[in-house]
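Report on the following structure.
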Amino acid sequence: MDNSTIANVFDELAELLEFKGENPFRIRAYSQGAKAIRDLDESVADIVADPNRKLSDLAGIGKTLAEKTETLLQSGSLPQLEKLREEVPEVLIQMARVPGLGAKKAAKLQKELDIDSLADLRAACESGSVAKIKGFGEKTAQAILDGLAIAEQAAERIRWAEGDALARSIGRHMESCPAIETMQWAGSYRRGRETIGDLDLLVVASDRNAAMDHLEAYGDRSQTIARGDTKISIRVGKAFQVDMRCVDANQFGAALQYFTGSQAHNVHTRRIAKDKGLKINEYGVFRVDDETQIAGATEEDVYAAIGLPWIAPELREDRNEFKLAAAGELPELITEDDIRGDLHMHTTATDGQNTIREMADAAIARGLKYIAITDHSKRVTMAMGLDADRLRDQWAMIDEIRPEYEGKLVILKGIECDILESGGMDLPDDVLAEADWVLASVHYGQRQPREKITERILGAIENEHVDCIAHPTGRLINRRPPYDVDMDAVMKAAAANGTLMELNANPARLDLNDVHLAAAKKLGIPIVISTDAHTLDGLDVMQYGIKQARRGGLTKADVANTKTFKQFAKLL
DNA sequence: GCCGTTTTCGGCCCGACTGTTTTCAGTCG
């Protein structure tokens with residue numbers, strides 16, 4: 001059982017306990033335990049198996065959660081969870097996911113009105129029976145109806161790149177507001193999370209009402225959810241929420257820090273402040289005894305006030321950033337300027353839209369010094385994958401054009417070779433041996449059982465000609481789950497065999513994810529950030545990979561394609 | 001349920017906004 005499965009169990013326990021009206025701090029303990037395990041850069045099972053280590057040494061895991069984790073690892077289930085699932089009606093969980101309804105209101109409605117489904121809930125709102133319950137009213141009933149409509153429109157988190165496009169569009173609109181002096185995006189968008197649940201805009205405005213009016217005038221606004229003196233929330237398009245907060249200039253840094261989150265990171269900063277006799281809120285850092293403000297204008301000031309250096313937003317998840325910051329060991333995160341090569345791209349030989357020359361010229365225009373041409377192998381029939389003959393023809397072509405690029409760009413003879421369903425590589429070893437760069441990837445048999453898929457990938461790692469595992473989990477964000485693969489085993493094998501691992505920068509993939517990247521870094525596995533470009537524009541997705549790499553805490557030194565070609569070649 | 005060099009008990013981040021309340025609970029981030 002892997003970390004995320006265990007974490008999901010604790011999250012579900014927390015959710016179910018909330019409906020039982022449990023002590024909120026006990027509920028939080030389960031959530032925090034889930035987070036601690038999910039964010040861990042090593043396998044919980046390994047820690048349990050190690051006689052020299054204890055699970056309860058992990059922050060947020062005490063005696064009880066350690067025992068439950070061991071039960072899960074041994075038996076695969078938890079009696080407490082089974083019992084709670086029986087006790088809490090499924091409809092309660094659905095109800096609490098309706099925006100505006102939480103566990104308490106949902107439980108009260110369900111109990112008093114005997115609601116069995118969301119359809120029942122809608123009917124109860126429409127008939128007026130909800131409004132008659134003590135503590136509820138007409139407006140609450142209407143808010144629930146609105147919430148139901150939103151929930152039906154599947155307000156799922158959007159990919160970071162989509163959030164980026166929306167933020168830029170709203171940003172352009174807001175720039176024309178004369179009342180706004182400063183503005184900056186915060187929230188999970190600023191932290192670079194792979195998906196964004198809403199957008200958070202922070203502004204300093206000479207006239208707050210004018211700024212809020214201006215946001216409400218955004219063309220695609222569908223609804224205003226709330227509007228107060230300092231904060232406004234609107235809905236854009238069908239269901240996406242955008243919040244704007246107005247603050248004074250001397251509060252901007254504190255507000256930016258607060259609004260950027262994550263929530264867990266903020267809780268941690270405030271706890272540190274409290275220990276120092278300080279209080280942090282979105283208006284600044286204050287001494288508790290006399291309410292004096294000691295910081296707030298910039299984020300650097302806020303962190304300095306609690307004795308820490310500024311922490312990059314991508315790291316603010318309350319994973320290990322506080323420990324690193326306190327020790328002065330925060331990583332200097334990779335930037336797009338550090339990238340010198342791109343080692344995964346396709347051409348017209350298979351499913352790409354441009355020729356080798358066109359890709360090479362576009363790479364030069366983007367400042368790259370080396371690329372690898374990595375078309376599909378023959379198993380990928382839909383993309384007209386290459387057999388040995390066609391591949392050798394392509395390599396002959398590369399030999400032919402290389403002189404034109406002498407001193408400007410190194411073009412590697414590569415292949416994205418499929419790992420076959422039955423195991424083994426899609427091209428014979430003697431062909432792979434002629435390649436400069438071999439990516440191995442799974443495209444078929446993605447639903448095979450864990451043991452089988454893991455065995456296939458381990459086989460590729462152990463093949464001496466394979467340089468790198470491409471998109472190692474196969475997930476497509478919001479579309480397709482990762483293969484059921486034992487990533488702990490894959491990473492250990494990659495480390496042992498000197499095989500590189502890809503961070504595929506395509507915004508739908510971003511594969512490996514941030515936690516995997518941190519784990520790879522810990523094991524010393526060099527990461528290659530590649531675009532998997534199928535078009536010239538496809539080369540521009542590198543920025544998304546960089547964002548993801550930063551979230552994994554990667555520095556220039558952790559990423560192989562930041563090296564000069566001469567240094568990079570030593571890894572092959 | 002977790003945690004600790006003020007502690008093994010008694011805390012646990014902090015505030016905006018809404019609706020329904022005549023002083024605050026619920027929800028959200």
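Chain A is the first sequence line, chain B the second, and so forth, proteins listed ahead of strands; every chain is numbered from 1.
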Which whole number of Å gives the distance between the [atom1] atom of [N] and that of [M]?
{"N": "dG1(B)", "M": "dT5(B)", "atom1": "C1'", "value": "23 Å"}
{"N": "dT23(B)", "M": "dT18(B)", "atom1": "C1'", "value": "15 Å"}
{"N": "dT21(B)", "M": "dT27(B)", "atom1": "C1'", "value": "16 Å"}
{"N": "dC3(B)", "M": "dC13(B)", "atom1": "C1'", "value": "16 Å"}
{"N": "dC12(B)", "M": "dT22(B)", "atom1": "C1'", "value": "31 Å"}
{"N": "dC2(B)", "M": "dT8(B)", "atom1": "C1'", "value": "12 Å"}

Select base, sugar-phosphate, or nothing to describe what [X] touches, counting heavy atoms under 4.0 Å on all strands.
{"X": "Glu282(A)", "result": "sugar-phosphate"}
{"X": "Ile133(A)", "result": "nothing"}
{"X": "Asp229(A)", "result": "sugar-phosphate"}
{"X": "Ile61(A)", "result": "sugar-phosphate"}
{"X": "Glu138(A)", "result": "sugar-phosphate"}
{"X": "Ala59(A)", "result": "sugar-phosphate"}
{"X": "Thr230(A)", "result": "sugar-phosphate"}

Give a yes/no answer on whether the side chain of [X] brings an N or O atom under 4.0 Å of OP1 or OP2 in [N].
{"X": "Thr140(A)", "N": "dT20(B)", "value": "yes"}
{"X": "Lys231(A)", "N": "dG29(B)", "value": "no"}
{"X": "Arg270(A)", "N": "dC13(B)", "value": "no"}
{"X": "Lys104(A)", "N": "dG26(B)", "value": "yes"}
{"X": "Ser233(A)", "N": "dC28(B)", "value": "no"}
{"X": "Asn281(A)", "N": "dG15(B)", "value": "yes"}

Side chains of [X] and [Y], donor plus acceptor under 3.5 Å:
{"X": "Thr555(A)", "Y": "Asp558(A)", "result": "yes"}
{"X": "Arg475(A)", "Y": "Asn504(A)", "result": "no"}
{"X": "Gln548(A)", "Y": "Glu194(A)", "result": "yes"}

With heavy-atom distances below 4.5 Å as the criterion, would you say the side chains of [X] and [Y] are in contact?
{"X": "Arg550(A)", "Y": "Thr335(A)", "result": "yes"}
{"X": "Asn513(A)", "Y": "Thr473(A)", "result": "no"}
{"X": "Asp50(A)", "Y": "Asp46(A)", "result": "no"}

Rounded off to whole Å, could you give me the [atom1]-to-[atom2] distance for the [X] and [N] pair?
{"X": "Arg227(A)", "N": "dG19(B)", "atom1": "CZ", "atom2": "P", "result": "15 Å"}
{"X": "Leu199(A)", "N": "dC28(B)", "atom1": "CG", "atom2": "P", "result": "19 Å"}
{"X": "Ile280(A)", "N": "dG29(B)", "atom1": "CD1", "atom2": "P", "result": "22 Å"}
{"X": "Leu278(A)", "N": "dC14(B)", "atom1": "CG", "atom2": "P", "result": "11 Å"}
{"X": "Phe25(A)", "N": "dC9(B)", "atom1": "CZ", "atom2": "P", "result": "19 Å"}
{"X": "Ile196(A)", "N": "dG29(B)", "atom1": "CD1", "atom2": "P", "result": "14 Å"}
{"X": "Arg28(A)", "N": "dG29(B)", "atom1": "CZ", "atom2": "P", "result": "17 Å"}
{"X": "Ile306(A)", "N": "dC13(B)", "atom1": "CD1", "atom2": "C1'", "result": "12 Å"}

Upstream residue (5' side of DNA chain B) when Asp200(A) and Arg271(A) are each assigned their closest nucleotide =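 This one resolves to Arg271(A).
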Exercise. For Ala106(A) and Lys274(A), take the nucleotide of DNA chain B holding the closest heavy atom to each; which residue's nucleotide lies nearer the 5' end?
Worked result: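 Between the two, 5'-proximity favours Lys274(A).
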Consider the side chain of [X], meaning its heavy atoms from C-beta on, and name the nucleotide among [options] that approaches it most closely.
{"X": "Ala226(A)", "options": "dC17(B), dG26(B), dG1(B)", "value": "dC17(B)"}
{"X": "Lys279(A)", "options": "dC14(B), dA16(B), dC13(B)", "value": "dC14(B)"}
{"X": "Ala29(A)", "options": "dC13(B), dG26(B), dG1(B)", "value": "dG1(B)"}
{"X": "Arg245(A)", "options": "dC17(B), dA16(B), dG1(B)", "value": "dA16(B)"}

message: Any strand counts, and the cut-off is 3.5 Å on both contacts for Watson-Crick or G-U wobble. Which nucleotide pairs with dT8(B)?
response: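 When the pairing criteria are applied, nothing turns out to pair with dT8(B), so the answer is none.
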Syn or anti conformation of dT6(B), syn meaning chi within 90° of 0: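 Anti.
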Checking only heavy atoms, does the side chain of Tyr258(A) share a donor-acceptor pair with the base of dG29(B) at less than 3.5 Å?
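For Tyr258(A), whose side chain was compared with the base of dG29(B), there is a donor-acceptor pair (under 3.5 Å).
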Exercise for the section: Determine, for Glu282(A) against Lys231(A), whether the closest basic-nitrogen to carboxylate-oxygen distance falls under 4.0 angstrom. Expected result: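 Judged by the 4.0 Å cut-off on N to carboxylate O distance, Glu282(A) and Lys231(A) do not form a salt bridge.
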Heavy-atom count around Lys83(A) NZ within 6.0 Å, excluding the residue itself: above 12?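 No.
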Please tabulate the protein-to-nucleotide N/O contacts below 3.5 Å involving nucleotides 21-23 of chain B, giving atom names and distances.
none

- Of all heavy-atom pairs between Asn266(A) and Gly261(A), which one has the smallest distance, and what is that distance?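 Heavy-atom minimum between the residues: ND2-CA, 3.7 Å.
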Note to self: Ring-plane angle category for Phe322(A) and His268(A), please: parallel below 30°, perpendicular beyond 60°, tilted otherwise.
What the structure shows: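 Ring orientation of Phe322(A) relative to His268(A): parallel.
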